[in-house]
A.B. asks: 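Handing you this structure, nothing more for now.
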Amino acid sequence: MEIFRFICKRTLWSLVALVGLSIIIFTLSRVVPGDPARMALGPRATEEAVEALRIELKLDQPIIYQYFHWIASVLKGDFGLSLMTMRSVTDDIKIYLPATLELVIVAAIIQCVFGILLGVLATASQGSYMDYFLRIIAYIGVVTPSFVFAVLFMLLFGYKLPILPVLGRTSVGLGVQPITGMIVVDSILRCDFPVAVDAFVHLLLPATALAMNGMAQLARITRSSMIDNSERDYIVMETAQGLSKKEIFFKYLLRPSVIPAVSVLALQIGALFANAFLVESIFNWPGLSRYGVEAMLFKDLNAVSAVICIVGFVFIIANIFVDILVAIIDPRVRLKAGE
Amino acid sequence: MSSEVLLEVKDLNVYYRVYEGLMHVLDDVSFSLVEGERLGLVGETGCGKTTTFRALLRVLDSNASSKGDILYKGCNVNKMSQTELLNTRRTEMSMIFQDPTSSLNPVFTVGEQISSVIRANLQAKGINYSENDIKDIALKALSDVLLPDPERIFDSYPFQLSGGMRQRICIAMSVATERKLLLADEPGTSLDVTIQAQILGLLNNLVKTTGMSVILATHSLGVVRETTDRVCIMYGGEIVEIGPTRSLFANPSHPYTRALLACVPKLTGEGIAEGIPGEMVSYLNPPKGCRFQPRCSFCNEDCNRTKPKLTLYEDDHYVACHKADL
């Protein structure tokens, strides 16, 4: 199976990337100026107490030793103690990661499906008012930051036309015993469908606000690559052979044209995590991005390294997933990588 | 050979709108073809052979416009409805594209692509079929063009095959189902000589057994001499000379045709041919008179002012030159 070989190869390379990422994260977190122990205990703490914490955090050991010590505990799932919350970082992440993951996954699906759909629609109506309208919308979508969309949506759907909830992950009083931490998934697993619907409705606005940039970008890429490909020899040949317009458009033109859009999706998943911070703040979404920024401001080394590590890990997983998707669509990637 | 007229092209003009202006590529191209006839279309690169073919099937690029009458079995292709056009492409005419590396869709298997073409043809004819029938027709077409191991090629992607194989797949696609008129745009250019001879032999056989007509665009005069009944010499988007192959080779009367024949390397090795001095005509701003006049050594004032019309030179042999009697 060529696709299986492709996945194995791709995963092995990702491991190399992960090791590199861990080195960079660790180094950066140690070279930033300031004393984490002092930050944690505050200016009034005694010198002895600070020194004790430094030893406990292994900050007095050589840097190489610190790295391997850190890696060993990370592999055991232990990111150490958060200096900000004074709880285990792993426990904090268990609470915050699923919320962000849920948001980012839904946003990625929205931008992929609707971005490509709008691109196809614009191509099909090329030159008409529909096309111009969609292109203007796409320009606006590309240049407007996602927090602006978040505020706009909040005004529109929470104030002027209150049809969708704008705050939190569920309505007050609703909830579900966590399994994965993602409320929609958990409530479906526990067959609690009213909660699933409620949680999903809560997801719609923040996820759409987050997806807008990428969606506009994907629509533009899809449209331009379809128009570009439509004058290729193979499309002319298929037209000359009498294939129907519908078959050419939806089969022979669409498939080679979505490849660039899907490849770009991998990069955009990174941007989704970055933009999630402001969107989470506006929609009062208890997510990892917000936690991460607060940890940075507090100089909470363990929490910062953990957040970057987790985001990097998710990003790499997402990239593998997108690469597999591209390989399924494009035989050239699938077959040449196997050689 | 029946003498029913299959295709009649009258005053075909094709323009391309480009950034610099309007290119007037085909200029009053007129010719006709009877059933079962093999017509050669000869001229240097850029003289409008491919444009002529694409105009016949109405598959010109979006920046091109075509004027004139293309009467196929009495119906004007330029005025056909979408359904008529689709049926004509599916059952009547088919074209072999010149560049095999870009004429196949890179993300679909050869089998999927050739099956689509066969399916469209069978649908247009109203024949009931199963997917197995289609595969059988496809495999037969692939082995007809001398491709080894058609089963494997059916399941391959174009990038896994060589240029020559892809060329033969393009040919197989065009001849997999029966057509009345085949437009072959340099079908042998990227094949080696032995395969080229076999492919041309194959096309010749098809003409004999099915009564199909062929227009063969090429710049190989040898091929034309061997495989066609009539020849059409094109220069700069115009037909400069047209006539029965034998008569035209025996008696080339347009200065361009003569120069072209002089360019063929001789087996006796009497030095290298001189080529034709000068440059191809600029379609943005073509000369008012004869388009070949800037490169012609016989030209005079007349050639500069007025465009020569195709006039009878000898039996069925026409030439567009003021100086044809020279």
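No experiment lies behind these values; they were computed from the predicted model shown. We name chains A, B, ... by the order of the sequence lines, and we start the count at 1 in each one.
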A.B. asks: Going by side chain to side chain contact (heavy atoms under 4.5 Å, CB included), name the residues that satisfy it together with B:Thr45, two or more places apart in sequence or in a different chain.
C.D. replies: B:His219
A.B. asks: Check step by step if side chain to side chain contact (heavy atoms under 4.5 Å, CB included) holds for B:Gln123 and A:Ser244.
C.D. replies: CA-CA 11 Å; B:Gln123 264 169 12; A:Ser244 68; over 6 Å; no
A.B. asks: What part of B:Glu112 is in contact with chain A, defined as an atom under 4.5 angstrom from a non-hydrogen atom: side chain, backbone, both or neither?
C.D. replies: both
A.B. asks: With sequence neighbours excluded, tell me which residues meet salt bridge (Lys or Arg N to Asp or Glu O under 4.0 Å) with A:Arg223.
C.D. replies: A:Asp131
A.B. asks: Can you tell me if CZ on A:Phe315 sees more than 12 non-hydrogen neighbours from other groups inside 6.0 Å?
C.D. replies: yes
A.B. asks: Could you report the tightest heavy-atom contact between A:Gly242 and B:Ala120, atom names first, then the distance?
C.D. replies: O-CB, 3.9 Å
A.B. asks: Using the rule given for side chain to side chain contact (heavy atoms under 4.5 Å, CB included), can you reason through A:Lys251 versus B:Phe108, listing the C-alpha separation, both sets of side-chain angles and the distance that settles it, and then say yes or no?
C.D. replies: CA-CA 9 Å; A:Lys251 187 175 174 185; B:Phe108 290 90; 3.7 Å; yes
A.B. asks: Output the option from B:Thr177, B:Leu57, B:Val117 having the highest count of non-hydrogen pairs under 4.5 Å with chain A.
C.D. replies: B:Val117
A.B. asks: Can you tell which of B:Leu104, B:Leu183, B:Asn87, B:Thr88 has the highest number of heavy-atom pairs within less than 4.5 Å of chain A?
C.D. replies: B:Leu104
A.B. asks: Examine whether an atom of B:Ser174 lies under 4.5 Å from a heavy atom of chain A, and if so say whether it belongs to the side chain, the backbone or both; otherwise answer neither.
C.D. replies: both
A.B. asks: What part of B:Ser62 gets within 4.5 angstrom of chain A, counting heavy atoms only: side chain, backbone, both, or neither?
C.D. replies: both
A.B. asks: Side chain, backbone, both or neither: which part of A:Lys245 has an atom under 4.5 Å from a heavy atom of chain B?
C.D. replies: side chain
A.B. asks: Which heavy atom of A:Leu243 sits nearest a heavy atom of B:Arg90, and at what distance?
C.D. replies: C-NH2, 4.1 Å
A.B. asks: With no hydrogens and no angle check, do the side chains of B:Ser116 and A:Glu238 hold a donor and an acceptor under 3.5 Å apart?
C.D. replies: no
A.B. asks: A:Ile329 versus chain B, heavy atoms under 4.5 Å apart: side chain, backbone, both or neither?
C.D. replies: backbone
A.B. asks: What heavy-atom pair brings B:Phe159 and A:Pro331 nearest, and what distance separates the two atoms?
C.D. replies: CZ-O, 3.6 Å
A.B. asks: Just checking A:Phe321: does its CZ atom have more than 12 heavy atoms from other residues, nucleotides or ligands closer to it than 6.0 angstrom?
C.D. replies: no
A.B. asks: Using a cut-off of under 4.5 Å on heavy-atom pairs, state which of B:Leu85, B:Asn121, B:Leu86, B:Leu60 scores highest against chain A.
C.D. replies: B:Leu86
A.B. asks: Could you go through the side chain to side chain contact (heavy atoms under 4.5 Å, CB included) check for B:Asn105 and A:Arg232 one step at a time?
C.D. replies: CA-CA 9 Å; B:Asn105 198 313; A:Arg232 298 263 169 151; over 6 Å; no
A.B. asks: Can you confirm whether A:Phe114 is buried at CZ, in the sense that more than 12 heavy atoms of other residues, nucleotides or ligands lie under 6.0 Å from that atom?
C.D. replies: no
A.B. asks: Relative to chain A, which of B:Arg119, B:Arg54, B:Met95 shows the most heavy atom pairs under 4.5 Å?
C.D. replies: B:Arg54
A.B. asks: Report, as yes or no, whether the 6.0 Å neighbourhood of atom NZ on B:Lys140 holds more than 12 heavy atoms from other residues, nucleotides or ligands.
C.D. replies: no
A.B. asks: What are the two closest heavy atoms between A:Arg334 and B:Tyr157, and how far apart are they?
C.D. replies: NH2-OH, 3.0 Å
A.B. asks: Can you name the closest pair of heavy atoms from B:Ser103 and A:Met237 and give their distance?
C.D. replies: O-CE, 2.9 Å
A.B. asks: What are the two closest non-hydrogen atoms of B:Arg89 and A:Thr239, and how far apart are they?
C.D. replies: CD-O, 3.1 Å
A.B. asks: Going from CD1 on B:Ile114 to CD on A:Gln241, what distance comes out if it is rounded to the nearest 0.5 angstrom?
C.D. replies: 9.0 Å
A.B. asks: Examine whether an atom of B:Arg58 lies under 4.5 Å from a heavy atom of chain A, and if so say whether it belongs to the side chain, the backbone or both; otherwise answer neither.
C.D. replies: neither
